[in-house]
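Computation of the quantities below employed the complete heavy-atom set of this structure, encompassing side-chain atoms and omitting hydrogens, waters and symmetry-equivalent molecules.
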Amino acid sequence: MSTLTPAQYLRGALYGLGAAGIWSGWIVVARLGLRTHLTPWDIAALRFGVGGLLLLPYVVRRGLAIERLGWGGLAALVLGCGAPMVLLVNAGLLFAPAAHAGALFSGVVPLMVVLLAIPILHEPFTWPKRIGLVLVSLGAIGIVWSAGGAIGTRQNIGHALFLGGALLWAGYTVAMRRARLNGLHAAGIAAVCTMIVYLPVYAVVAGPGIFRVPLADLALQGFVQGFLTAVVSLVLYGRAVGILGASGGAAFPALCPAMTALLAMPILGEWPTAVDWFAIISISCGAYVVSGGPLPGRGILRGSMVRDLVP
C-alpha cells in the first residue's frame with residue numbers, strides 16, 4: 001500500500017471537500033430558487049439544459065453504452081440521475097427544509113444502494129452495513145420527530161419525496177456499477193437523454209414563463225445545477241478517489257448532510273433544532289460506515305459502492 005505525503009493527502013481532501021460542497025450546495029440553491037421565482041420544473045429544465053449541452057460532446061464520443069447497460073439499465077440511469085429524481089427532491093423542498101433534504105436524500109442514498117446491491121449485485125450484508133442501517137434509521141426517526149413527532153405533517157410530504165429521490169438515485173448507482181461505467185459517463189448519459197426527452201415537454205407545458213424570471217436567478221441555477229453539479233463535482237470526486245482511493249474517498253459523501261445544514265443557515269436562514277442535529281450526525285455516521293469509510297483501529301472497510309453515491 002502506497003503512503004501519501006501530506007501534500008498529496010491535502011490535495012485529495014480538497015478535491016473531496018469541493019465535491020461534497022457542491023453536492024450540498026445544489027440542494028440549498030434549489031431551495032433558494034423555489035423561494036423566489038422558480039418552480040421545481042424550471043430548476044430541472046435549467047439543470048439538464050445546461051448539463052446536457054455541456055456533456056453532449058462527451059456522450060457522443062463515448063456512446064450510450066446500451067450493450068453494457070441494457071434498456072433497463074438505461075432507464076435506471078435516466079430515472080435516477082435525470083428529471084424524476086431532481087423533481088422529487090425539488091418538490092420536497094417546497095415542504096421541508098434543506099437540512100432535511102441533506103439528511104434524507106444525500107445521507108440515505110448509501111444505505112439504499114447497499115439494500116439494492118444485496119439482491120441485485122449479490123453483495124454481503126456485513127456488520128458495518130448493519131450498523132449503518134441502525135444509525136441511518138435512528139436519524140430518519142429523529143427527522144420525523146423534529147417535524148412534530150407524528151406521521152402526516154406537511155414536512156412529512158417532503159420527507160417522503162426526499163426518500164423517493166434517494167431510492168431513484170440508488171437505482172442509478174447500482175445500474176452504473178453493474179455496467180461498470182465511470183461516474184461522468186453515466187451522469188452524461190442521464191443528462192443528455194433527459195435533455196432530449198424532458199425539455200420539449202417542459203417547453204410545451206410551462207410555456208414562456210421562465211423568460212420572465214430575473215436573469216440572475218436563471219444564471220445562478222444554471223451555473224450551480226448544470227455546471228457545478230453535473231460536471232465539476234464528478235471531476236473533483238474522481239480526482240479525490242484517484243488520490244485517496246475508494247475507501248478514503250468515502251468520507252466525503254458522508255459529509256453532505258452536515259454541510260447542507262451548515263450552508264442552509266446563512267443562505268436560507270434555516271436553523272436546525274437540537275433533534276435535527278442529532279439526526280444529521282446519526283445519518284452522517286451511518287452513511288460513512290455503510291459506504292466503506294476507514295474506522296480507527298479497524299483498518300479499511302472494503303465497501304464496493306463508494307463511488308458517485310451523491311449527485
Side-chain angles (χ1 to χ4, degrees), residues 17-36 38-48 50-51 80-110 112 136 139-140 143 146-147 155 157-170 172-173 187 217 220-234 236-237 252-272 276-277 279-281 283-284 287 308-311:
L17 286 171
I22 293 171
W23 292 330
S24 304
W26 82 260
I27 293 174
V28 174
V29 170
R31 172 85 162 166
L32 182 65
L34 294 170
R35 283 185 171 185
T36 53
L38 295 168
T39 68
W41 306 95
D42 298 330
I43 294 173
L46 290 166
R47 176 165 176 155
F48 295 107
V50 175
C81 192
M85 178 275 293
V86 172
L87 287 172
L88 283 175
V89 177
N90 287 345
L93 290 169
L94 294 171
F95 300 96
H100 291 189
L104 295 179
F105 173 65
S106 301
V108 171
V109 164
M112 288 195 173
V136 171
I143 293 292
S146 176
Q155 285 194 9
I157 299 172
H159 299 161
L161 292 170
F162 298 149
L163 291 173
L167 181 60
L168 288 182
W169 183 265
Y172 155 81
T173 304
D217 288 357
L220 176 63
Q221 297 295 331
F223 178 70
V224 173
Q225 308 286 346
F227 177 59
L228 292 182
T229 305
V231 181
V232 175
S233 68
L234 295 175
L236 291 176
Y237 189 59
F252 299 101
L255 293 174
C256 289
M259 291 184 74
T260 302
L262 291 172
L263 288 173
M265 288 189 288
I267 296 174
L268 300 174
E270 295 179 353
W271 296 84
D276 283 336
W277 278 119
I280 289 166
I281 293 170
I283 289 173
S284 298
D308 306 308
L309 290 180
V310 181

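Summarising the geometry of Ile27 relative to Ser106, their closest heavy-atom pair is CD1-OG, 3.7 Å, with the distance given to 0.1 Å. The minimum heavy-atom distance between Gly165 and Leu88, with the atom names listed, is N-CD1, 3.7 Å. Pairing each heavy atom of Gly226 with each of Ala230, the nearest pair is O-CB, 3.2 Å. Heavy atoms only, all atoms of each residue included: Ile283 and Pro257 are closest at CG2-CG, 4.4 Å. Nearest heavy atom pair, residue Ala187 against residue Leu234, reads CB-CD1, 3.4 Å. Among all heavy-atom pairs drawn from Gly107 and Val136, the shortest one is O-CG2, 4.4 Å.
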Show the atom names and distances, to 0.1 Å, of all donor-acceptor pairs under 3.5 Å that link a side chain in residues 89-99 to residues at least two apart or in another chain.
from	atom 1	to	atom 2	distance (Å)
Asn90	ND2	Val86	O	3.4

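For the atom pair Leu163 CG and Leu168 CG, the distance stands at 11.5 Å (nearest 0.5 Å). Put simply, CD1 on Ile143 and CD on Gln155 are 8.5 Å apart, with the number rounded to the nearest 0.5 Å. Here the CH2-CG distance, from Trp41 to Leu46, works out to 14.5 Å after rounding to the nearest 0.5 Å. Considering CG of Leu262 and OG of Ser24, their distance stands at 9.0 Å, rounded to 0.5 Å.
Leu32 pairs by the side chain to side chain contact (heavy atoms under 4.5 Å, CB included) definition with Leu220, Ile267, Leu268, not counting sequence neighbours. By the side chain to side chain contact (heavy atoms under 4.5 Å, CB included) test, Trp271 pairs with Met265, sequence neighbours left out. Ala83 meets the side chain to side chain contact (heavy atoms under 4.5 Å, CB included) test with Phe48, Leu87, Thr194, Tyr198; sequence neighbours excluded. Listed by chain and residue number, Met112, Leu116 satisfy the side chain to side chain contact (heavy atoms under 4.5 Å, CB included) test with Leu167 (two or more places apart in sequence, or in another chain).
You'll find the side chain of Ile280 stays beyond 4.5 Å of the side chain of Thr260, heavy atoms only. Taking 4.5 Å as the limit, every side-chain heavy atom of Cys256 sits out of range of all side-chain heavy atoms of Phe105. Contact of the Trp26 side chain with the Ile22 side chain is not registered, since no non-hydrogen atoms from C-beta on lie closer than 4.5 Å. Using a 4.5 Å heavy-atom threshold, the side chains of Gln225 and Ile43 count as touching.
In this structure, His100 and His159 have tilted ring planes: the angle between them lies in the 30° to 60° band.
At least one donor-acceptor pair under 3.5 Å links the side chain of Thr36 to the backbone N or O of Gly33. No side-chain donor-acceptor contact under 3.5 Å links Ser284 to the backbone of Leu255. In terms of modelled atom types and a separation under 3.5 Å, the side chain of Gln221 and the main chain of Val29 share a donor-acceptor contact.
Within the structure, no pair that satisfies the salt bridge (charged side-chain N to carboxylate O under 4.0 Å, His left out) test touches residues 94-106, not counting sequence neighbours.
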